[in-house]
Amino acid sequence: MSVGMLNLQAQFRTLRDEVMAEITQIFETQSFILGSRGKGLEESMAKLCDMKYGIGVSSGTDALLLSVMALKPKPGDEVITTPYTFFATASSIVRGGARPVFVDVDDQTFNARADLLEAAITPRTRALMPVHLFGQMVDPAKWLAVAKKHNLLIIEDAAQAVGAKFNGTVAGGFGDLNCFSFYPTKNLGGAGDGGMVLASDDALAHDVRINRVHGGKDRYFHDQIGICGRLDEIQAAVLLIKFKYLDQWNHRRRAIAALYNQGLQGTPAITPFEAPGAWHTYHQYVLRVPKRDELMEHLKTKGIGNMIYYPVPLHLQKCFDFLGYKEGSFPVSERLAKETVALPMSSELMDAEVAEVCEAIRGFYGGGGA
Ligand SMILES: *Cc1c(COP(=O)(O)O)cnc(C)c1O
């Protein structure tokens, strides 16, 4: 049997009645944008993360963009982040009017190293943007200590880490502007694009809230040049239904990760490292492996899904040439781009499927890599 990267059809079968009733209701009322369901989702997310305000937006990318805009950066102002992440992390910094500055990542957690932050801080630094990659948080205490000492804001990119924890702090619960994505493949995914910004500061929350509707508190009176970045009711309805199952689904992902770890023992694959204190939610289950490309080819012939996150670190992307980085600037990120592969992972994945994937990987290495 083939094993897909994720199985959203199976998830939908368990939610069909709940979802379709809500969709019908939305069509009956014809209230499609910024309604009661959006408010409900904002409250649920804010509560989950112990933040004061939730602001539903049109995508994770727009959550990040609106957050960077809220810094009101002057040309040349800098935001420090990781080069080993999804593109939107850094593109949002540039589009929001600031300049991304990268620090390299830890070779075990794949997250940006807090101990490299201070050397990257300049008089132009305005904010830190930690990314909780693949569902594992950075250590909030370390990032907060640097932010406090240098008077910087923190924008959390928690797009991959909804529900994750670190020593009792929830992802999206310690920064000043905390961003989530509800892209369908995320651990909490909608029926299209969606996102959320969480904030506790009144002024920052106000800024994001008005900028998601063209920068006006009162319609047609524009204090700022905002964007069209609202969350729609269909997304909010689907997400509110799924929100009830998030914790259960994250537990299942962790159980699957444990099965993989066990099933891959004795192979040369390096299984994911969970830092002490971290409660990883395995948005992706990512291995470091020898002969990565050959292994991927082998899995493909067996019908087993696999992906590279991410094949080119952001400092080597053509569009970021102007930042002046080059090959060798961030050696760990560059090495991970060549050595990592993500295996099928979703809360619907079955134990037998995990076993099949492990068997295929064991076969590949056991058979001398043929
Ligand atoms: C998915 C993702 C985003 C962007 O979210 P969208 O909803 O797709 O715009 C940003 N950062 C990271 C780390 C992501 O994984």
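Start at 1 and go down the list; that is how both ligands and their atoms are numbered.
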Sequence neighbours left out, cut at 3.5 Å: what donor-acceptor pairs do the side chains of residues 189-203 make with other protein atoms?
from	atom 1	to	atom 2	distance (Å)
Ser200	OG	Lys52	N	3.1
Asp201	OD2	Ala203	N	3.1
Asp201	OD2	Leu204	N	2.9
Asp202	OD1	Lys52	NZ	3.1
Asp202	OD1	Tyr53	OH	2.6

- Query: Between the side chains of Tyr282 and Glu274, does any donor sit under 3.5 Å from an acceptor?
  - Reply: yes

- Residues Thr122 and Glu78: side-chain donor-acceptor under 3.5 angstrom: yes

- Within residues 237-274 or reaching into it, pairs that qualify as ring pair (Phe, Tyr, Trp, His ring centres under 6.0 Å) - sequence neighbours excluded: Tyr245-Trp249, His251-Trp279, Tyr260-Tyr285

- Query: Which heavy-atom pair separates Phe180 from Gly172 by the least distance, and what is that distance?
  - Reply: CZ-CA, 3.8 Å

- Item | By ring pair (Phe, Tyr, Trp, His ring centres under 6.0 Å) - contacts of Phe87 (at least two apart) | Phe320

Between the protein and ligand 1, are there any N or O atom pairs that come within less than 3.5 Å of each other, and if so, what are their names and distances?
from	atom 1	to	atom 2	distance (Å)
ligand 1	5 (O)	Ser181	OG	3.2
ligand 1	7 (O)	Gly60	N	2.8
ligand 1	7 (O)	Ser181	OG	2.6
ligand 1	9 (O)	Gly60	N	3.4
ligand 1	9 (O)	Thr61	N	2.8
ligand 1	9 (O)	Thr61	OG1	2.5
ligand 1	11 (N)	Asp157	OD1	3.3
ligand 1	11 (N)	Asp157	OD2	2.8
ligand 1	15 (O)	Gln160	NE2	2.8
ligand 1	15 (O)	Lys186	NZ	3.0

